[in-house]
Amino acid sequence: MKELDLELRQLIAIACDYPPQSLERQQVLAKVHLLVMKSGKLWKEHTSYYNDALQEMWEYCCEHPEEYNPNIKSPIVWLDDELKKRLRRMRDGKNRQLRRFLRVKQTQQGVTNNPIDDIVASPDILPAMEIWEKTILWVQQDPDKRLRSICFRKRPEINAQVLILRRLPPDTPSWKTIAAEFNLNPQEAKDLPKFYNRKCLPLLREFGLSQGYIEQSTTSSSAKIPKNKCHE
Amino acid sequence: MNKNNQFSDEDWSIPIPLTTEILHIARQFANEQPNPKSDKAQQVYLNTIAVCAVNNYLRILGISTDLAAGDSWNSSIRLAEDVADLCITGKGSLECRPVKKGALTCKIPPFIGLERIAYVIVEIDEDQKTAILRGFTPKTAANVDLSLKDLDLLLDLPSYLHKLRPLVNLSKWFKNIFETGWKSVETVLGERAAQPALAFRGKSKAGNLKRCKILELGSHTESVALIVTIIPESESNTNILIELKPHLSQNYLPTNLQIILLDEYEQTIVDTKIEKSKQHIQLDLSGEPGERFSIKIILGEASISEHFII
């Protein structure tokens with residue numbers, strides 16, 4: 001413990017000597033993170049939001065190593081304090097959410113013990129199916145005939161529309177199978193996936209982008225409950 | 001390193017606890033698949049966890065990423081392809097491959113290799129809600145079973161990313177977007193040098209774009225100017241002229257300067273060495289949009305690679 005403590009103190013001091021974002025600082029912080037995680041010395045508790053608090057703590061402490069005061073506490077105590085602070089906040093937030101959730105739920109189907117787990121496991125099948133169906137529909141309809149016009153080696157029957165349709169689930173034949181289907185010679189069979197990557201995938205990528213994302217990843221990892229779930 | 005911990009000194013893998021958000025997003029992406037119970041859905045689930053875990057690690061270190069810019073975040077690409085890419089701002093894409101607990105090898109799917117700067121292998125322990133970043137490897141052949149024994153330590157990833165030179169996107173030059181260090185020839189070498197090479201004057205026309213970068217090979221006196229001219233020929237073909245000239249203070253290119261041109265499969269197309277005093281060297285090539293190539297310049301111990309995409 002003493003050895004770890006000393007090493008961490010030194011590393012944090014070195015990190016502070018280098019400017020934020022510098023390679024040297026990143027390397028030292030990587031060592032701090034690894035040493036602490038492997039030591040098993042951090043505060044541990046079994047709550048559903050523990051990992052969220054842990055991630056937040058690491059991001060914060062690695063961004064602000066100069067906030068560590070070696071005269072007041074050991075590095076592990078500093079990290080623990082920051083971790084517990086976040087755990088407290090999340091517990092309070094969760095209790096608030098839980099109360100609201102239970103109030104709504106009780107009137108319908110009784111009490112759920114762990115609403116967060118419940119939500120994480122609940123499949124959002126409706127908007128999900130839409131993406132698959134929308135993509136297939138777009139490929140099949142090929143509204144501006146762009147997909148059909150992109151052909152492999154003057155073979156109009158091997159075009160972007162045909163290839164993308166084969167790649168989409170539920171059945172995804174291997175490139176070998178696709179090559180056999182179109183009677184390609186070995187060289188053509190080798191070139192087909194390259195053609196697909198370069199000429200066909202960009203169009204699919206563009207379509208995907210135009211559909212937007214269901215959920216942009218947010219930067220923080222707090223244990224938040226999606227708002228719409230509270231009104232079920 | 002510290003001897004006082006419960007893990008062996010050889011274990012340099014990095015545990016990243018999975019947050020509620022990671023598990024939520026992974027579940028959501030998996031549920032987009034037509035059959036949420038299928039192998040495909042499981043693949044998307046694990047890929048998403050791997051990408052998010054690496055992203056969370058890089059966030060801790062302060063390495064900037066663009067999670068939503070990757071194919072792994074594109075709902076349509078995710079349906080069709082086995083992708084687990086994470087964009088590192090200004091560098092390129094890391095492939096974050098998930099493996100089961102205790103795996104010895106990792107299957108690299110075919111045809112993604114060309115576009116990745118490195119592969120991070122992520123062991124996912126669903127019971128413990130932890131991702132273990134096992135290590136990384138720079139470019140590898142696609143469609144192979146990668147052995148997990150010889151991975152580089154993840155602790156070395158920051159320095160690997162740091163020295164990586166960004167991919168120069170030539171198509172973006174037409175939109176006036178130039179990578180750091182690529183300046184007009186006049187700015188770098190003065191007016192006189194901006195004249196096109198003799199053999200190329202005939203082809204010179206308004207649509208051409210020309211940029212120059214100084215490459216320092218060891219000392220300042222040994223630096224050379226790399227000049228790239230792009231000449232759009234048709235929608236599917238672009239001619240490219242690569243020139244090397246001595247830096248302003250020098251009359252000749254350094255002797256023994258070696259220039260290697262590599263195609264996107266890292267096959268050598270041209271490998272040439274300057275044996276006597278030369279003022280100028282040029283290479284012609286052509287390619288289609290999306291094609292990649294690299295130029296490697298070697299002088300003694302010093303070596304610089306520049307990677308391009310048309």
Side-chain angles (χ1 to χ4, degrees), chain A residues 1 3-4 7 20-21 23 25-27 29-31 33-35 37-40 48-52 54-55 58-59 62-63 116 119-121 123-125 128-129 131-132 135 164 167-170 172 175 193-194 197-198 201-202 204-205 207-209 211 213-218 221 223, chain B residues 1-7 11-12 14-25 27-36 38 40 52 55-57 59-64 67-68 71 73-81 110-111 114 129-130 154-155 157-159 162 288-291:
Chain A
M1 188 65 187
E3 208 178 312
L4 175 67
E7 193 167 3
Q21 308 294 316
L23 170 64
R25 189 184 266 215
Q26 287 167 358
Q27 287 174 315
L29 293 174
K31 263 188 205 161
H33 175 264
L34 183 66
L35 280 177
M37 289 301 278
K38 291 283 161 89
S39 75
S48 57
Y49 46 87
Y50 176 81
N51 287 351
D52 305 336
L54 188 61
Q55 174 69 23
W58 274 119
E59 287 184 22
C62 285
E63 207 185 333
I116 289 187
I119 282 153
V120 169
D124 294 320
I125 282 177
M129 284 298 277
I131 289 159
W132 174 52
T135 306
I164 294 175
R167 298 293 295 172
L168 288 172
T172 312
W175 282 111
K194 293 184 203 165
N197 272 3
R198 191 165 298 148
L201 264 191
L204 183 63
R205 188 175 289 125
F207 176 76
L209 285 175
Q211 298 305 298
Y213 311 107
I214 303 182
E215 184 179 298
Q216 281 264 359
S217 167
T218 48
S221 327
Chain B
M1 294 301 287
N2 174 47
K3 298 270 193 297
N4 227 357
N5 61 46
Q6 54 183 313
F7 291 82
D11 186 12
W12 292 94
I14 291 162
I16 296 291
L18 301 176
T19 59
T20 317
E21 188 187 29
I22 292 181
L23 294 169
H24 177 73
I25 293 171
R27 179 62 59 208
Q28 200 171 7
F29 285 3
N31 284 337
E32 291 168 4
Q33 303 307 312
N35 174 5
S38 63
K40 175 68 192 176
C52 291
N55 186 54
N56 269 3
Y57 181 60
R59 288 178 58 85
I60 289 171
L61 301 191
I63 293 174
S64 132
L67 187 60
D71 278 350
W73 231 255
N74 184 312
S75 52
S76 297
I77 298 272
R78 219 161 39 223
L79 284 168
E81 304 303 319
F111 311 113
L114 303 168
K129 290 194 178 169
T130 301
L154 217 62
L155 282 179
L157 186 66
S159 69
H162 187 78
E288 52 184 38
E291 208 170 327

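In what follows, chains carry the letters A, B, and so on, assigned in the order in which the sequence lines appear, proteins first and then strands, with residues in each chain numbered from 1.
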message: Less than 4.5 Å to any heavy atom of chain A: does that hold for the side chain of S159(B), its backbone, both, or neither?
response: both
- prompt: At a heavy-atom separation under 4.5 Å, does L157(B) approach chain A through its side chain, its backbone, both, or neither?
  reply: neither
message: Let's test your reading of the structure: which of P169(A), C62(A), P202(A) forms the most heavy-atom pairs below 4.5 Å with chain B?
response: P169(A)
message: If we define contacts as heavy-atom pairs under 4.5 Å, which of T172(A), T135(A), L29(A) has the most with chain B?
response: T135(A)
task: Over 60° means perpendicular and under 30° means parallel, so classify the ring planes of Y57(B) and H33(A), tilted if in between.
output: tilted
- prompt: Would you find a donor on one side and an acceptor on the other, under 3.5 Å apart, between the side chain of N51(A) and the backbone of L18(B)?
  reply: yes
message: If only side-chain N and O atoms count, and only distance matters, is there a donor-acceptor pair under 3.5 Å linking Q28(B) with E32(B)?
response: no
Hey, does [Y] have a side-chain heavy atom less than 4.5 Å from the side chain of [X]?
X	Y	value
I16(B)	W58(A)	no
N35(B)	K40(B)	no
L79(B)	Q33(B)	yes

Heavy-atom proximity to chain B below 4.5 Å, by part of [X]:
X	result
I164(A)	neither
E63(A)	neither
L204(A)	both

